[in-house]
Amino acid sequence: MTQRLLKLSLAALASSSLLAGASLAQADYPEKPISLVVGYSAGGGTDVMARTVANHLEEYLGDDATVVVKNMPGAGGQIGFSALASANPDGYTIGTMNLPAAMALTYDRDADYDLNSFTWLANVVADPNTLVVPKDSGITSVEELIAAARDIDGKMPVGLSALGGNDHFSAIQFAEAADIELNYVPFNGAAQARSALMGGHVAMGTMAFSQTVGFEDGLRVLAVLSDKRLEQAPNIPTASELGFDIEMGSFRGLAAPADLPDDVRATLLGALDEMAEDADFRTDMAKQGNPLSVIYGDDYHDLAEVQDEVARRTWEETPWK
């Protein structure tokens, strides 16, 4: 994960030509409800973020704007990403983007979109992955987790939201760093993977941190895969502190179909910029355990390129199909 990209200043971005162009946007947009497509089931980290964004974004789009979340789960998110890429670029269909997962899907199959199929609006969250086990598993440290995995010789099942996403990449990196083998078990989204973990149907998970928040009675997070401890969880060590050079997470943001008109793009970017500074929005995101990392326009496109390279390299070195 390239952390330098996450440290761009909102103040500097606010002066960009993209945001400045908001004042030129057509006055009547939006004049009907905006669909916000989510390629995953309700209850997962992406869905929770989308519903929070939708609620606050409406205020800054003005004129009684309505943003309606539309879940389109399946194929590891491909159904939703494809629907977004093929939608009419009129501003009335936007969608969540998940990096590196969205780009990984373009390597393991014939996806009907690529990096250039989207207008990259804003990344919102940089949510690090974790090493997590059921609370009643008896495992209380990464060392104990590794010992348990070795005891069953490659048969430890790790629950994943899908193959080819950030949690899958995290599991691959952990297995390599710890010199163990894992049995990868994909589900249809993070909520299902979490339920399987809490029910004891899988032994461990690598889900994003926000997806563990609120489930502390059933889950134990052993480590976060970030470059520093999280403000929301200062007592949880990073993997690097424990001797494992692993960084991986989920970048969650918003995009629109390619060729979005400049005036509509400017309106959306202006509203997103105001939303990102809103204290209530920031409080809501903090309660969910979602670490904010707001990156706009061309800078978001650059981040997507970096994550596309992460996906390509992982596919070449450790193909998952």
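Side-chain atoms are counted along with the backbone in the values below, which use heavy atoms only and exclude waters and symmetry mates.
By the 4.5 Å side-chain criterion applied to Ile, Leu, Val, Met, Phe, Trp and Tyr, Met72 is assigned to a cluster that also includes Val37, Ile79. Hydrophobic clustering, defined by side-chain heavy atoms of Ile, Leu, Val, Met, Phe, Trp and Tyr closer than 4.5 Å, groups Phe215 together with Val132, Val185, Phe187, Leu197, Met198, Val202, Met207, Phe209, Val213, Leu219, Val221, Val224, Leu230, Ile236.
Side chain to side chain, Tyr40 and Asn71 fail the donor-acceptor criterion of an N or O pair below 3.5 Å. Of the N and O atoms on the side chains of Thr106 and Asp114, not one donor lies less than 3.5 Å from an acceptor on the other residue. Side-chain atoms of Gln288 and Thr52 form a donor-acceptor pair, as typed in the model, at a separation below 3.5 Å. Counting only N and O atoms by type, the side chains of Asp90 and Asn88 include a donor and acceptor under 3.5 Å apart.
In this structure, Glu309 pairs ionically with Arg312, as a charged nitrogen and a carboxylate oxygen lie closer than 4.0 Å.
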*Run the side chain to side chain contact (heavy atoms under 4.5 Å, CB included) check on Leu254 and Thr96 step by step: do they pass?*
CA-CA 5 Å; Leu254 299 176; Thr96 56; 4.2 Å; yes
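The ring pair (Phe, Tyr, Trp, His ring centres under 6.0 Å) check on Tyr300 picks up Trp120, with sequence neighbours excluded. Residues forming a salt bridge (Lys or Arg N to Asp or Glu O under 4.0 Å) with Arg252 (at least two apart in sequence, or on another chain): Asp127. Applying the ring pair (Phe, Tyr, Trp, His ring centres under 6.0 Å) test to Trp315 and every residue at least two apart in sequence or in another chain returns Trp320. Legend: residues meeting side-chain contact (heavy atoms from CB on, under 4.5 Å) with Glu31, ordered by chain and number and at least two apart, are Asp28, Tyr92. Under the ring pair (Phe, Tyr, Trp, His ring centres under 6.0 Å) criterion, Tyr107 pairs with no residue, sequence neighbours left out. Checked against ring pair (Phe, Tyr, Trp, His ring centres under 6.0 Å), Tyr60 has no partners two or more places apart in sequence or in another chain.
Between the Asn129 side chain and the Thr206 main chain, a donor and an acceptor come within less than 3.5 Å of each other. Side-chain atoms of Tyr296 never come within 3.5 Å of backbone atoms of Asn123 as a donor-acceptor pair (strictly under, hydrogens ignored). Judged by distance alone, with hydrogens and angles left aside, the side-chain atoms of Ser137 form no donor-acceptor pair with the main-chain N or O of Val133 at under 3.5 Å. In this structure, the side chain of Arg282 engages the main chain of Ala276 through a donor-acceptor pair within 3.5 Å. A donor-acceptor contact shorter than 3.5 Å links the side chain of Thr119 to the backbone of Pro257. Judged purely by atom type and a 3.5 angstrom limit, Thr267 uses its side chain to pair as donor or acceptor with the backbone of Asp263. Not one N or O on the side chain of Glu274 forms a donor-acceptor pair closer than 3.5 Å with the backbone of Ala271. The main-chain N or O of Phe281 is found under 3.5 Å from a side-chain atom of Asp278 such that the two form a donor-acceptor pair. Glu59 contributes no side-chain N or O that, together with a main-chain N or O of His56, makes up a donor-acceptor pair within less than 3.5 Å. Arg109 contributes a side-chain N or O that, together with a main-chain N or O of Ala75, makes up a donor-acceptor pair within less than 3.5 Å.
Put simply, the side chain of Met204 does not reach to within 4.5 Å of the side chain of Leu222, judged on heavy atoms.
Counting only residues at least two apart or in different chains, salt bridge (charged side-chain N to carboxylate O under 4.0 Å, His left out) contacts with residues 209-220 are absent. Screening residues 39-58 for salt bridge (charged side-chain N to carboxylate O under 4.0 Å, His left out) gives Asp47-Arg51 as the qualifying pairs, with residues at least two apart or on separate chains. Residue pairs satisfying the side chain to side chain donor-acceptor pair (under 3.5 Å) criterion with at least one member in residues 189-200, sequence neighbours excluded, are absent.
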Donor-acceptor pairs under 3.5 Å, side chain of residues 145-163 to any protein atom, not counting sequence neighbours: which ones?
{"from": "Arg150", "atom 1": "NH2", "to": "Ala178", "atom 2": "O", "distance (Å)": "2.7"}
{"from": "Ser161", "atom 1": "OG", "to": "Asp167", "atom 2": "OD1", "distance (Å)": "3.4"}
{"from": "Ser161", "atom 1": "OG", "to": "Asp167", "atom 2": "OD2", "distance (Å)": "3.0"}

